[in-house]
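See below for the structure under consideration.
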Amino acid sequence: MTEQELRAQLLEQYGPVLGGRELRRVLGFSTAGAFRQATLRGTVPVPTFTVPNRRGRFALTQEVARWLYERRSTARVAA
C-alpha cells in the first residue's frame with residue numbers, strides 16, 4: 001500500500017479531521033487516559049489542535065496517514 005492509498009482510505013473513512021475515539025484508536029492509544037497523558041507530555045506523534053466549542057483534540061487525517069506510513073516503512077519483517 002502506498003502512502004497515497006493509505007491517505008485516501010483514511011480520508012474516505014474519517015474525513016479530513018480525526019478526533020476523539022477514532023484519533024486515539026488510529027494512533028494506537030488503548031485508552032483516553034493514555035492519550036491524555038501523551039498530550040500532557042507532548043509525546044503524541046502528530047500535531048494536535050483544539051476546535052472552538054468542541055471537546056477534545058483533533059489532528060489532520062493526512063498527517064496521521066503520513067505518520068502511519070512512515071512507521072510502516074521503517075518496520076522490520078519478522079522471519
Side-chain angles (χ1 to χ4, degrees):
M1 174 179 285
T2 67
E3 182 178 349
Q4 291 77 16
E5 291 170 333
L6 176 60
R7 183 183 314 123
Q9 183 179 354
L10 290 176
L11 282 168
E12 182 178 322
Q13 187 168 358
Y14 299 111
V17 177
L18 272 161
R21 179 179 294 140
E22 291 82 15
L23 176 59
R24 292 191 305 268
R25 188 173 61 86
V26 170
L27 291 178
F29 290 97
S30 56
T31 65
F35 181 76
R36 188 171 33 255
Q37 282 296 320
T39 300
L40 291 172
R41 293 178 180 149
T43 58
V44 176
V46 296
T48 62
F49 53 90
T50 59
V51 175
N53 302 315
R54 298 281 308 271
R55 295 177 75 181
R57 308 230 20 118
F58 300 86
L60 294 177
T61 303
Q62 66 183 9
E63 291 178 347
V64 173
R66 182 179 309 117
W67 179 80
L68 285 171
Y69 188 78
E70 287 170 359
R71 299 293 68 74
R72 175 61 180 98
S73 296
T74 60
R76 293 177 45 187
V77 177

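No experiment lies behind these values; they were computed from the predicted model shown. Positions are given from 1 along the sequence. Below, all heavy atoms of this structure are taken into account, side chains as well, without hydrogens, waters or symmetry copies.
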Legend entry - Residues forming a side chain to side chain donor-acceptor pair (under 3.5 Å) with Arg41, sequence neighbours excluded: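 Testing Arg41 for side chain to side chain donor-acceptor pair (under 3.5 Å), a comparison that skips the adjacent residues, returns Gln37.
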Looking at [atom1] of [X] and [atom2] of [Y], how far apart are the two atoms once the value is rounded to the nearest 0.5 Å?
X: Thr48; Y: Glu63; atom1: OG1; atom2: CD; answer: 10.0 Å
X: Glu3; Y: Gln62; atom1: CD; atom2: CD; answer: 9.5 Å
X: Arg66; Y: Arg71; atom1: CZ; atom2: CZ; answer: 12.0 Å
X: Arg24; Y: Ser30; atom1: CZ; atom2: OG; answer: 10.0 Å

(message) Between Thr61 (side chain only) and Leu11 (backbone N and O only), is there a donor and an acceptor less than 3.5 Å apart?
(response) no
Check this for me: [X], atom [atom1], are more than 12 non-hydrogen atoms of other residues, nucleotides or ligands nearer than 6.0 Å?
X: Glu12; atom1: CD; value: no
X: Arg36; atom1: CZ; value: no
X: Arg21; atom1: CZ; value: no

(message) Could you see if Val26 belongs to whatever hydrophobic cluster contains Val17? Use Ile, Leu, Val, Met, Phe, Trp, Tyr and a side-chain cutoff under 4.5 Å.
(response) no
Query - Shortest non-hydrogen contact from Gly56 toward Thr50 - result: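 Minimum heavy-atom contact is O-CG2, 4.0 Å.
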Shortest non-hydrogen pair, Glu22 vs Tyr14, comes out as CG-CE2, 3.4 Å
Fill in: ring pair (Phe, Tyr, Trp, His ring centres under 6.0 Å) partners for Phe35, two or more places apart
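If we apply the ring pair (Phe, Tyr, Trp, His ring centres under 6.0 Å) test to Phe35, skipping adjacent residues, the hits are Phe29.
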